[in-house]
Protein chains: 2
Amino acid sequence: MNTLAEENYLKSIYHLSVNATSVSTNQLAALLNTKASSVTDMLKKLAEKELINYTPYQGVSLTAAGEKIAVNIIRKHRLWEYFLVEKLDFKWDQVHEMAEELEHISSNELIDRLDKFMEYPKFDPHGDPIPDCNGLFKIHNLKPVSSIGINEGGVICGVRDHSKAYLQYLEKQSLTIGKKVTVAEIIEFDHSMVLHTEDNTIQISREVANNLLIAL
Amino acid sequence: MNTLAEENYLKSIYHLSVNATSVSTNQLAALLNTKASSVTDMLKKLAEKELINYTPYQGVSLTAAGEKIAVNIIRKHRLWEYFLVEKLDFKWDQVHEMAEELEHISSNELIDRLDKFMEYPKFDPHGDPIPDCNGLFKIHNLKPVSSIGINEGGVICGVRDHSKAYLQYLEKQSLTIGKKVTVAEIIEFDHSMVLHTEDNTIQISREVANNLLIAL
DNA sequence: AATGAAATTTAGACTTGTCTAAATATATTA
DNA sequence: TAATATATTTAGACAAGTCTAAATTTCATT
């Protein structure tokens with residue numbers, strides 16, 4: 001199969017491809033916490049294996065084969081996260097690092113059985129969709145809370161920022177997946193927002209609102 | 001922490017130490033499927049880290065620190081095997097390779113929660129004891145079936161050979177953990193044995209009897 | 001105790017994935 | 001469009017872990 005490093009590169013290219021047709025060397029270096037020269041070396045190797053389309057200086061994209069591998073790793077990552085939260089009672093801000101290791105456990109039969117054991121969950125603890133064993137998943141059409149107006153609202157279904165600090169903050173404010181929120185007020189000065197939930201009123205900054213995703 | 005290679009060396013030294021005070025370079029090379037010269041290199045590194053006692057040409061043994069790491073890896077291996085069999089419905093001959101990967105997942109909190117989730121099992125699917133979170137475990141005093149006489153018997157509690165072929169054979173013969181067996185006859189010619197179980201009579205070779213462990 | 005066999009270690013090389021520093025290509029802007 | 005800034009690649013080095021071949025140590029046997 002592929003090495004751990006190769007898998008991490010493919011996964012990173014996949015994530016960066018969501019908002020672009022092509023991914024740059026520096027973007028990858030930043031995400032992977034490494035140097036541009038190291039990225040170039042690895043891109044040559046992945047191109048050699050026909051997992052990416054690479055023209056020097058022009059950025060990269062995944063081939064169908066590369067995307068398949070990337071989606072499979074993401075499937076594993078999200079299923080393990082679901083397991084850690086739903087079966088082992090971890091909090092949603094604790095599971096990322098463990099899932100980063102578990103996603104590289106090679107057996108597909110293991111992950112398919114884990115999927116079955118948990119009754120085929122469709123979303124991970126952060127609201128991200130879990131690809132099925134064929135790599136297929138639905139993309140929710142979510143909007144950041146910052147994009148809606150007064151008296152509008154919806155159900156929290158995801159986050160853009162997966163950092164521990166952000167997740168812990170949301171947890172403390174009870175702004176978790178499934179909560180219904182309505183915008184009660186928008187402060188003109190700094191665009192912070194006052195939200196109503198079933199049992200609470202909470203003021204959040206524009207930054208927080210920007211990273212909180214809802215379904216209308 | 002330690003690298004994957006280091007962990008595998010410590011684990012192997014631990015396993016080989018069960019039947020000896022000191023482990024040789026060649027024994028390790030054979031078990032780890034590598035060359036003696038590679039073993040020597042790694043032994044120097046582990047000695048440098050004070051995880052083993054190593055004098056050139058004199059073999060190695062684990063220090064207390066090294067043993068602690070080895071036992072923790074074995075704890076992880078056996079708990080994951082238990083999970084795979086009891087929760088994901090794998091057969092006892094299918095889980096070794098997966099557990100070889102899973103045992104290197106670093107988080108101790110993960111493994112402690114997995115332990116709790118499964119209600120602190122004491123033995124893995126092959127009857128081997130599972131160390132608790134302090135590294136402690138009871139050693140059953142088991143005997144090979146080949147060592148007992150006519151009309152004697154006991155309960156199958158373990159195996160010496162963990163190979164797929166052996167485990168599959170036992171499964172097919174319903175000679176699995178927990179089964180009660182009695183020796184009905186010993187064939188003088190080749191020391192094969194006729195066993196009675198609750199619902200069956202089975203003849204097994206000396207080789208099979210030698211690797212099948214029972215509690216009296 | 002000497003000698004040959006077996007076990008072990010050393011020396012030097014290779015691969016993977018990384019790095020720094022230098023070179024080159026692309027983009028920006030005056 | 002020429003000059004400068006930025007992005008990317010190349011060149012050469014390094015650490016981890018492995019290998020082969022040669023050297024050395026220990027063991028077994030006479």
Side-chain angles (χ1 to χ4, degrees), chain A residues 1-17 19-62 66 69-70 73 100-101 103-104 106, chain B residues 1-17 19-62 66 69-70 73 100-101 103-104 106:
Chain A
M1 247 303 189
N2 305 288
T3 67
L4 194 145
E6 285 169 354
E7 291 192 348
N8 282 332
Y9 273 86
L10 292 173
K11 184 181 58 160
S12 294
I13 295 167
Y14 182 90
H15 283 311
L16 292 170
S17 295
N19 309 305
T21 46
S22 157
V23 174
S24 78
T25 302
N26 269 1
Q27 278 180 294
L28 276 168
L31 186 57
L32 286 161
N33 232 309
T34 184
K35 298 300 152 91
S37 57
S38 307
V39 173
T40 301
D41 288 344
M42 183 58 91
L43 294 184
K44 286 182 192 164
K45 197 171 19 159
L46 293 173
E48 187 62 40
K49 289 188 164 193
E50 301 194 31
L51 299 173
I52 61 173
N53 305 113
Y54 172 56
T55 323
Y57 297 102
Q58 304 305 310
V60 288
S61 60
L62 294 172
I69 294 169
I73 295 164
E100 288 282 298
E101 291 183 53
E103 72 189 6
H104 301 289
S106 59
Chain B
M1 247 302 189
N2 306 287
T3 67
L4 194 146
E6 285 170 355
E7 290 192 348
N8 283 332
Y9 272 87
L10 292 174
K11 185 181 56 160
S12 295
I13 295 167
Y14 183 89
H15 283 313
L16 292 171
S17 296
N19 309 305
T21 46
S22 156
V23 174
S24 77
T25 301
N26 269 1
Q27 280 180 293
L28 277 168
L31 186 57
L32 286 161
N33 232 309
T34 185
K35 299 299 151 96
S37 56
S38 308
V39 173
T40 301
D41 289 344
M42 182 58 92
L43 294 184
K44 285 183 193 164
K45 200 176 8 165
L46 293 173
E48 187 62 40
K49 289 189 164 193
E50 301 193 31
L51 298 174
I52 61 171
N53 306 114
Y54 172 56
T55 324
Y57 298 101
Q58 304 306 309
V60 289
S61 60
L62 294 172
I69 294 169
I73 295 165
E100 288 283 298
E101 290 183 53
E103 72 190 5
H104 300 290
S106 59

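Reminder, nothing fancy here: chain letters follow the sequence lines and each chain counts from 1.
When distances are taken from the side chain of B/Ala36 to each of D/dT18, C/dT9, C/dT26, the shortest belongs to C/dT9.
Going from atom CG of A/Asn8 over to atom P of C/dT16 covers 17 Å, rounded to whole Å. Between the P atom of C/dC19 and the CG atom of A/Asn33 lies a distance of 9 Å, rounded to the nearest Å. For the pair B/Met42 CE and D/dA15 C1', the interatomic distance rounds to 12 Å; values are reported in whole Å. Here the P atom of nucleotide C/dT15 and the CG atom of A/Asn2 are 19 Å apart, to the nearest Å. The distance from atom OH of A/Tyr9 to atom C1' of C/dT18 is 8 Å, rounded to the nearest whole Å. A straight line from CG of A/Leu46 to P of C/dT18 spans 11 Å, rounded to a whole angstrom. Spacing between atom CG of B/Leu28 and atom P of C/dT9 amounts to 11 Å, rounded to whole angstrom units. Per the geometry, CG belonging to A/Asp41 stands 9 Å off C1' belonging to D/dT9, to the nearest Å.
Donor-acceptor pairing under 3.5 Å, judged by distance alone, is present between the side chain of A/Ser37 and the base of C/dT20.
Between B/Tyr57 and C/dA6 there is no side-chain N or O to OP1 or OP2 distance below 4.0 Å. At the phosphate of C/dT9, OP1 or OP2 sits under 4.0 Å from a side-chain N or O atom of B/Thr40. The phosphate of D/dA7 has neither OP1 nor OP2 within less than 4.0 Å of any side-chain N or O from A/Ser24. The side chain of A/Thr3 places no N or O atom within less than 4.0 Å of a non-bridging phosphate oxygen (OP1 or OP2) of C/dT16. Look at B/Asn26 and you won't find any side-chain N or O under 4.0 angstrom from OP1 or OP2 of C/dA6. Contact between the side-chain N/O atoms of B/Lys44 and the OP1/OP2 oxygens of C/dT10 is found at a separation under 4.0 Å. Within the structure, every side-chain polar atom (N or O) of B/Lys35 is placed at least 4.0 Å from both OP1 and OP2 of C/dT9.
Of the possible polar contacts, one joining the A/Glu101 side chain to the B/Ser106 backbone as a donor-acceptor pair under 3.5 Å is found.
To the nearest 0.5 angstrom, A/Leu62 atom CG is 9.0 Å from A/Tyr14 atom OH.
Between A/Leu51 and A/Asn2, the closest side-chain pair of non-hydrogen atoms falls below 4.5 Å.
Applying the 6.0 Å contact sphere to CD of B/Glu100 captures more than 12 heavy atoms from other residues, nucleotides or ligands.
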Q: Could you go through the side-chain contact (heavy atoms from CB on, under 4.5 Å) check for B/His104 and A/His104 one step at a time?
A: CA-CA 11 Å; B/His104 300 290; A/His104 301 289; over 6 Å; no
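Between A/Leu4 and B/Val39, the one whose closest nucleotide on DNA chain C sits nearer the 5' end is B/Val39.
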